[in-house]
2 protein chains.
Amino acid sequence: MKRQEASENGRTGAVSIRSVAERAGVSIATVSRVLNTPQKVSQSTADRVRKAIEDLEYRPNLFAKGLLTKRSRVIGVSLPDIHGEFYSELMFALDDRACELGYHLLVSSNAHRVERGPGNGFALDLVDGLIVMLTERSGVDIEGISQLSHPAVVIGFDEPGLEVETIVVDNETGARKAIEHLLSENTPDRCYFVGAHRGNIDSDERLNAFCAALRKRGHEPRSDQIARREFSFDWGWEWAEGMIDEGRLEDIAVFAANDEIAIGIANAARDRGIEIPGSLRIVGFDDSRLCSLVRPKLSSVRMPVREIGHAAIEAIIRRIEEPDSAPRHARLATTFVQRESSGGPRSMG
Amino acid sequence: MKRQEASENGRTGAVSIRSVAERAGVSIATVSRVLNTPQKVSQSTADRVRKAIEDLEYRPNLFAKGLLTKRSRVIGVSLPDIHGEFYSELMFALDDRACELGYHLLVSSNAHRVERGPGNGFALDLVDGLIVMLTERSGVDIEGISQLSHPAVVIGFDEPGLEVETIVVDNETGARKAIEHLLSENTPDRCYFVGAHRGNIDSDERLNAFCAALRKRGHEPRSDQIARREFSFDWGWEWAEGMIDEGRLEDIAVFAANDEIAIGIANAARDRGIEIPGSLRIVGFDDSRLCSLVRPKLSSVRMPVREIGHAAIEAIIRRIEEPDSAPRHARLATTFVQRESSGGPRSMG
DNA sequence: AGGATTTGTGTAAGCGTTTTCATGTGCTAC
DNA sequence: GTAGCACATGAAAACGCTTACACAAATCCT
C-alpha cells in the first residue's frame, strides 16, 4: 500500500536515511544515531525519528552500512559432502543459535570454494567469519584457513598448536564405552571394526579407540579384524556377505564406524538367518534416527550435533567480536546408547 | 607473506581498487572496467591491470559494489522445519546450481524470519531474491511474499493466478500409480491412508489422489480409512497398533503419506507377526534412503528433490535478472518406485 | 585531407551509511 | 556574570566502488 513511497528527497525511489531525516526534521546523523547509539539522542527526537522510520518503512541499506563498518552479521559455513540427518541437524543448530544472536548463515557445501582468488566463488568478503567443517585429514589447508582475512572456526579437526579455534568430537569416550560393552560378552579376538577409508578423521579415531580397547585386553588386533572403505550401507552389506561366505559372521561382535554400515551388516546378516544380537552383536555410530527405525534397534554412539552447532556459532561470534582473544579448542563428548542390536545386560530405548 | 601490503595510497591498510590503479599506472575507472567490462579496455592496459590485481591479491569490496549495483549475488532460502535426507538433498541441489551460476545461499530455516520490519532478522536486504518453501496451507502470507521488495520463488504451494513464481511437485501422478498398484490386489474398501494433519499441503494432495482412485473404483472412502496426524515414525506405529488391537491390520493395503509413517506401520506389523507384503501391503512416500535400508524394502513414491532445487535456483535467478518476465509455474512429476513392501507383480530395486 | 566516428582513458559525481569534529544550547559553579 | 562543562545536534568527510561524461588519439569515410 504505502510501499515505495516517493521520497521528498527526489532522485531514487527507495527510502533512505535521508528521507527519514527530512520527514523527522533532523539530520541524517541523528537518524543514524537513533539506530545505533540511541543513548546519544534525546528522548523526544528519538521518538520523532522512530515514528518517521515506521511511517516510511525505512530499512537501512546493509551495503552502505557494511562498507563503513566492515560487518555484515553473516557467517559463512562450509560443509563437506555429508548427507542426511546429520547435515540437517547441524544446520538447524547453527541456524538456531545464529538467529538468536542476530547473525545469518551463508552456506556452501561445496567446500572447495573456500579457496580464495579474485573473481571466484565464496562470497568470502561478505561474511564476518567462517565455519569450516572437515572430515578428511588430507587436503586440509588449515594454514590457508587460519590465514584468511576473516576469523575462522574449524569443526572436526584439531591439532596441538593450531592458530584457529577448533571444535571436535571426542570419538574416544563413546567408542570406548561401546567397545567395552561388546567386550563384555565377546573375546577381543572375535571383535571387528568396519569403517570408512583411512584418512577419514572420525573413522580413524574410532578405529584407534577400537584397537586401544583390544590391546588393553592383551589382544593385538589382527588385520582381518579391521575393514575400511566408506560410510555406506552397501559397504556394510558387502563386508557382511564376505564374512558370511567364509562362515565367519557368527558369534562375533562388530563395531561399525557409522550407523549405515551397521545397518548394512545387520540386514545382510538377517537375510542369511544370523541372529542379532544372539549370534552377531552390532554397535553403530552417530545415533541417527535410523537406529530406532530398524529392527532390532541399533545400539550406537551419540554425536552431540546440536552442541557442535551451537558451540561453533558461539565460537565464531566470539572471534568476530573479540578478535584478540585466544582461540579455544573445544572437545565434545560422545555417549554410548545401548539398544537391542548389541544385546547385553540392561536394555533400554 | 605479501598479505595486507601497505597501499601507496596511505590511509587504510587494505588493498583497494585505488592501490591497484596506482600500481598499474591507470585510473580506478580503468581497473573497474577491466573487472566488469573488459571489452572496453585495450589489451595491453588490461594485462597490466590484471597483473597488478594478482600481485596485490586484490579483491573487490562487495559492500561497495553492492551499494552501487544493488546486487550481491546472494539468494535467500527459507525452509520450513523439515529434517533429514530431504533437507540435505534439497540444500545440495540448491547449492550446486547456485554455485554453478555464481550465486550464494543465505539460509534461514526459521521461516518466521521472512517477516519484515526494521531491526529484525533476515538479512533480507542483502539478498537479490528469495526462495521460500512452504508445507502448510495456513499462514501462507503469499501476499506478503509477492510484495517483498525482492523477487521471490515459492516451492510447494501453487494457486491459480499467483503473482510469484512457483514450483510444486505433482503429488497426484506418483500417488495414483502407487494406489492403483495397491488396488491391483486389494479391494478399495480395504485400502487405508495414513498421513499428516489436515492443512499440510502434500499430505492433503496425496489424500486427494487416494480418494479419487477409490472413487474411480466406485467406492466412497469411509472415514475410518483415513487417518491423519503427523509425518512421523511414531504416528505410523501408533496407528498400526490401534489397528492391530482391533484385528484390522490384516489383508489390507496402506498408502502412507511419507516413508517414516510407512516404516512405523511396518515395524509395528512385524513385531506382531503380520506378514509384509503377504498380509499387509504398504507404500510410503518420498523414496528416501530409508526405503532400501529397511526390510522388507519399502515401495515409495519418488520426489524429484534435485530437480526442485535446480528449478528453484534457475527460477529465482531468472526473476532477478529479468524481473519483467512473466512468473512461471512449474509442476514436477513424482514417480512410483515398487519394492518389496507392496508385493505385486514385477519386483525391482 | 578534413570532418565524423570510434576507441581508450581519466575526472568526478554519487551510492547510503557512520563518525569525527564543530557548534550551539542550557547548566552548574565559582 | 562568566568560565567550564555536558549534552544534543548538524556539517561534512570518508568507505570503495560504478558509471556518465568529457576528451584526446586513432580510425574511418567521402
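What you are looking at is a predicted structure, and each value in this text was computed from that prediction instead of being measured. So you know, we letter chains A, B, ... as the sequences are listed, proteins then strands, and number each from 1.
The residue A:Thr30 sits close only to the backbone: its heavy atoms come under 4.0 Å of sugar-phosphate atoms, none of a base. Contacts of B:Val31 with the nucleic acid, taken as non-hydrogen atoms under 4.0 Å apart, are absent.
Between the CG atom of A:Asn36 and the P atom of C:dG16 there is a distance of 17 Å, given to the nearest Å. Per the geometry, CZ belonging to B:Arg71 stands 16 Å off C1' belonging to D:dT19, to the nearest Å. Per the geometry, CZ belonging to A:Phe63 stands 20 Å off P belonging to D:dC15, to the nearest Å.
A:Lys40 is linked by a side-chain contact (heavy atoms from CB on, under 4.5 Å) to A:Arg33, A:Thr37, counting only residues two or more places apart in sequence or in another chain. Annotation: side chain to side chain donor-acceptor pair (under 3.5 Å) contacts of A:Lys51 (sequence neighbours excluded): A:Asp55. For B:Asp158, the side chain to side chain donor-acceptor pair (under 3.5 Å) partners at least two apart in sequence or on another chain are B:Thr166. Every salt bridge (charged side-chain N to carboxylate O under 4.0 Å, His left out) that A:Arg306 has, sequence neighbours left out, goes to A:Asp96. Considering only residues two or more places apart in sequence or on other chains, A:Thr135 meets the side chain to side chain donor-acceptor pair (under 3.5 Å) condition with none of them. Taking A:His83 as the reference, B:Phe92 meet the ring-ring contact (aromatic ring centres under 6.0 Å, His included) condition, with sequence neighbours excluded. For B:Ser88, there are no side chain to side chain donor-acceptor pair (under 3.5 Å) partners two or more places apart in sequence or in a different chain.
Within the structure, every pair that satisfies the salt bridge (charged side-chain N to carboxylate O under 4.0 Å, His left out) test and touches residues 65-90 of chain A, not counting sequence neighbours, is listed here: A:Glu85-A:Arg289.
Five base pairs at each end of the helix from C:dA1-D:dT30 to C:dC30-D:dG1 define two local axes, and these are offset by 30° (rounded to 10°).
Although no hydrogens or angles enter the test, the distance criterion places a donor-acceptor pair under 3.5 Å between the side chain of B:Arg48 and the main chain of B:Ala24.
Of the residues in residues 42-51 of chain A, not one comes within less than 4.0 Å of DNA chain C through any heavy atom.
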Side-chain donor-acceptor pairs under 3.5 Å in residues 311-322 of chain A, sequence neighbours left out?
residue	atom	partner	partner atom	Å
A:Glu314	OE2	A:Arg97	NE	2.5
A:Glu314	OE2	A:Arg97	NH2	3.0
A:Arg318	NH1	A:Glu165	OE2	2.8
A:Arg319	NH1	A:Glu165	OE1	3.3
A:Arg319	NH1	A:Ser325	O	3.3
A:Arg319	NH1	A:Ser325	OG	3.4
A:Arg319	NH2	A:Pro323	O	3.1
A:Arg319	NH2	A:Ser325	O	2.9
A:Glu321	OE2	A:Tyr103	OH	2.9

Within the sub-3.5 Å range, which N or O atoms of nucleotides 20-28 of chain D have a protein N or O partner, and how far apart are they?
none

